[in-house]
Amino acid sequence: MKRYNTDNLKTKADFTSMLFDILNPLKPFYSPQKAKLLLGHTSCGYEDSTVPMEAFARPLWGLAPYWAGGGSDAEFEEIYQKGLAAGSDPNGEEYWLKCRDFDQKFVEMAAIAYAILMAPDKVWDPLSEKEKDHLTAWLDEINHYECSYNNWQFFCILVNVALKSQGRPYSQERIDLGLKRIDSYYVGDGWYYDGGNGQKDYYIAFAIHFYSIIYTMFMEDADPEHCAIFRQRAREFAQQFIYWFDEDGSSIPYGRSQTYRFAQVSFFSICAAAKLEVLPLPVMKGIIARHLVSWLNRPIFDNAGILTIGYGYPHQIMSEEYNGPGSPYWSMKSFAFMALPEDDPFWKAEAAPLPKLDAVKTLPCADMVVQRIGGHVTAYVPGRVLPHAFVNMEEKYSKFAYSTQFGFSVPRSQKEMREAAPDSTLAFVMDDYVFVKRRTLDFSIHGATLEITWTPLEGITVKTTVEPTEHGHRRIHEITSRYACQAYDCGFAVASDSVRECVKTEEENMAEVRNEDGFCAVKAVETPGKGCVLDAIPNSNVLRTKTAIPMVGYQIPEGTSRFVTEIINA
């Protein structure tokens, strides 16, 4: 993969070159009849037979808008015409099989529906009548089973909108039910829950809003009321979501499904495709261009040029049980703007920097306070409010702070501190086992201050107050414990690989890790503590393969105690 910068990413030809730098390496790995894409051998929580079908479908998120914008690639067009015919043929060798309730194939149907809507001349019109009947019947499976009660409701909606667009039988009932459920998740300021009580994370941007904008592009005449609502919510959301982006294009590593990587910017991409200027066009182009550059200059591809499971590098440990070898190509949603024609103002616009944003911004409907220091972004959040439903939920939702500069770490085990790598949290050590912040019991946000009540295990309750400061943030812990034990208040994980100089400082009441990219210091303010630096086990952090975590150790007495720690990263 060549090196990119914003200077060589301006015109439609520039972005087209990038798109095919990502997609062309896939071509040798399609099955004989093209209905499957064979990228690896790891399994998922769903049927192994669906894994290559998922990989087949996801490149359509990038190809469909490219075709819609007038682009052509004969090889990919032949692959997808043959593959759609073979995969939906119930008598064929590469049939994708019938469905069941909550079937993963419903997710991939959305990509096929998107392609039918965006580029019917490439994926629908070339099919024979028999092949169209087969594909219609297979897509109609979604109308006979349940979809998960979250962003999945849009899969039912989009599949039926696509069938309707081609004059095929469709279910208006499932469209109406899906819209009703989606509306019930809305909370304000453009934010939804991802389901009845789901977390607020990237699924609001790259799923619910992304699909709602697709809906507005094709249902304006049939449902102008919902289209107007979705556009207005997107405008409100943009004023909030812009705060998640760093000046260099990075976005906050936070929540599940991090392996979808540059899908983080797809909200702005689909808004551009729909000519919905939720921000000034040059600002949207700047966010998109810098974000793509920030990602494609990372080691996220294998030696064959295939996107890997991971985040800043190949990293299977942080993945979800629904992440298969083809899952990372969900990131192709970020190329929705390729649907714009060659003469669209988007291509002529100069990529503008971010506008002036507040140094500290409270996003009340997102349950988040966002701080900007030195061009980087830190998000302060109350933590996981759901039962443990996904892998490493505590690490993805329950740390005190998430940073575009430092990422976050996931444990290899909880049996020792190095393996637990407990950055940005208060870690208790008992009987050689590490206990960290898990489910939040209660929280409130007052201005820019968070008050969080939580427990690492039965017998210990902590009330933590998190306050942004000029140079970082302060944590005030009020601890009630049945046991005397050790606890460590941990800062961000700072890169410590051998490529750059890394200075580690340990003193009474203070520890610091510093390198050419930045630093993090942790200081005990009221109660004496022991400064120390933890060399985390390699490949625990989502951005850096080797990190060191500055922290302060405290002796926790039985009963009630109070500790105050300063985290400095500016």
Side-chain angles (χ1 to χ4, degrees), residues 187 189-194 198-206 237-258 260-261 264-265 267 287 291 294 311-312 318 354 357-385 392-410 423-426 437 440 443-452 454 464-475 490-493 518 520 541-543 567-570:
V187 292
D189 289 346
W191 287 96
Y192 296 79
Y193 286 108
D194 184 26
Q199 294 282 163
K200 299 161 187 171
D201 52 27
Y202 280 109
Y203 276 90
I204 312 311
F206 62 43
F237 181 72
Q239 311 310 311
Q240 305 262 309
F241 191 49
I242 191 174
Y243 277 88
W244 286 40
F245 288 82
D246 197 320
E247 288 182 9
D248 73 357
S250 305
S251 192
I252 305 166
Y254 170 69
R256 65 187 178 100
S257 294
Q258 294 298 307
Y260 299 155
R261 293 185 175 106
Q264 291 170 335
V265 83
F267 165 76
I287 293 171
H291 189 75
S294 75
Y311 194 67
M318 51 70 66
L354 290 173
L357 299 172
D358 295 342
V360 178
K361 177 76 170 179
T362 300
L363 310 179
C365 290
D367 301 327
M368 180 180 288
V369 175
V370 181
Q371 181 181 38
R372 312 185 74 81
I373 299 180
H376 301 294
V377 179
T378 302
Y380 304 107
V381 296
R384 175 172 67 86
V385 296
N392 295 126
M393 279 196 74
E394 291 70 28
E395 287 67 39
K396 294 166 184 173
Y397 291 101
S398 290
K399 295 180 186 290
F400 295 124
Y402 291 85
S403 164
T404 57
Q405 183 178 15
F406 301 109
F408 66 89
S409 301
V410 294
D423 60 330
S424 296
T425 192
L426 181 64
K437 184 170 178 279
T440 295
F443 75 90
S444 59
I445 300 176
H446 307 281
T449 299
L450 291 85
E451 293 183 356
I452 311 158
W454 57 280
T464 297
T465 301
V466 178
E467 302 173 341
T469 64
E470 183 180 358
H471 301 293
H473 67 281
R474 178 183 298 109
R475 303 173 192 165
C490 304
F492 294 111
C520 180
N541 186 265
V542 298
L543 284 178
I567 313 297
I568 302 168
N569 56 285

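As a basis for the values below, the full set of heavy atoms in this structure was taken, side chains included, without hydrogen atoms, waters or symmetry mates.
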| message | Run F408 and V542 through side-chain contact (heavy atoms from CB on, under 4.5 Å) and show every step you take. | response | CA-CA 6 Å; F408 66 89; V542 298; 4.0 Å; yes
| query | Should L543 and Y311 count as side-chain neighbours, where that means a heavy-atom distance under 4.5 Å? | reply | yes
| task | Would you give the length of the straight line joining atom CH2 of W454 to atom CG of L426, rounded to the nearest 0.5 angstrom? | result | 4.5 Å
| message | Among Y193, W191, Y192, exactly one meets side chain to side chain contact (heavy atoms under 4.5 Å, CB included) together with C365. Which residue is that? | response | W191
| S398 side chain near T425 side chain, heavy-atom distance below 4.5 Å | no
| When you measure from the side chain of R475 to the backbone N and O of V466, does any donor-acceptor pair fall under 3.5 Å? | no
| remark: Taking every heavy atom of T362 against every heavy atom of A448, the minimum-distance pair comes out as OG1-CA, 3.7 Å
| query | Which pair of heavy atoms, one from M368 and one from A379, lies closest together, and at what distance? | reply | SD-CB, 3.8 Å
| When rounded to the nearest 0.5 angstrom, what distance separates OG1 in T378 from CD1 in I373? | 5.5 Å
| Is a donor on one side and an acceptor on the other found under 3.5 Å between the side chain of T404 and the backbone of V377? | yes
| Any side-chain heavy-atom pair from D194 and R256 closer than 4.5 angstrom? | yes
| remark: To the nearest 0.5 Å, atom OG of S424 lies from atom NZ of K437 at 11.0 Å
| So how far is it from F492 CZ to K399 NZ, rounded to the nearest 0.5 Å? | 10.5 Å
| query | Would you say the side-chain atoms of D423 pair up with the backbone N or O of S409, donor to acceptor, closer than 3.5 Å? | reply | yes
| query | Has E470 got more than 12 heavy atoms of other residues, nucleotides or ligands less than 6.0 Å from its CD? | reply | no
| remark: Smallest heavy-atom separation, T440 atom then I452 atom, equals CG2-CG2, 3.7 Å
| Can the ring centres of F237 and F267 be said to be less than 6.0 Å apart? | yes
| query | How many angstroms lie between NE2 in H471 and CD1 in I567, if you round to the nearest 0.5 Å? | reply | 14.5 Å
| field | Heavy-atom side-chain contact between I287 and L354 under 4.5 Å | value | yes
| request: Search all heavy atoms of G472 against all heavy atoms of N569 and return the closest pair with its distance. | output: CA-OD1, 3.5 Å
| request: Verify, without hydrogens or angle tests, whether S251 (side chain) and W244 (backbone) share a donor-acceptor contact under 3.5 angstrom. | output: yes
| said: With rounding to the nearest 0.5 angstrom, report the CD to OG1 distance, E451 to T465. | reply: 4.5 Å
| With no hydrogens and no angle check, is any side-chain donor or acceptor of D201 less than 3.5 Å from a backbone partner on Y254? | no
| query | Within the distance-only criterion (no hydrogens, no angle test), does the side chain of R372 pair as donor or acceptor with the backbone N or O of K361 below 3.5 angstrom? | reply | no
| said: Taking the side chain as everything from C-beta on, heavy atoms only, tell me whether F443 gets closer than 4.5 Å to L450. | reply: no
| field | Nearest non-hydrogen partners of S403 and Q405, listed with the distance | value | OG-N, 2.9 Å
| message | Assess, by modelled atom type and distance only, whether the side chains of S257 and Y203 contain a donor and an acceptor separated by less than 3.5 Å. | response | yes
| L363 and its side chain to side chain contact (heavy atoms under 4.5 Å, CB included) partner, picked from K200, Q239, Q240 | Q240
| request: May I ask you to decide if L357's main-chain N or O and Y243's side chain share a donor-acceptor pair within less than 3.5 Å? | output: no
| Side chain Y202, main chain P253, donor-acceptor under 3.5 Å | no
| message | Evaluate R384 against E395 for side-chain contact (heavy atoms from CB on, under 4.5 Å), listing each step before the verdict. | response | CA-CA 9 Å; R384 175 172 67 86; E395 287 67 39; over 6 Å; no
| Main-chain N/O of T469 paired with Q371 side-chain donor or acceptor, under 3.5 Å | yes
| remark: Tightest non-hydrogen contact, residues G249 and H291, listed as O-ND1, 2.8 Å
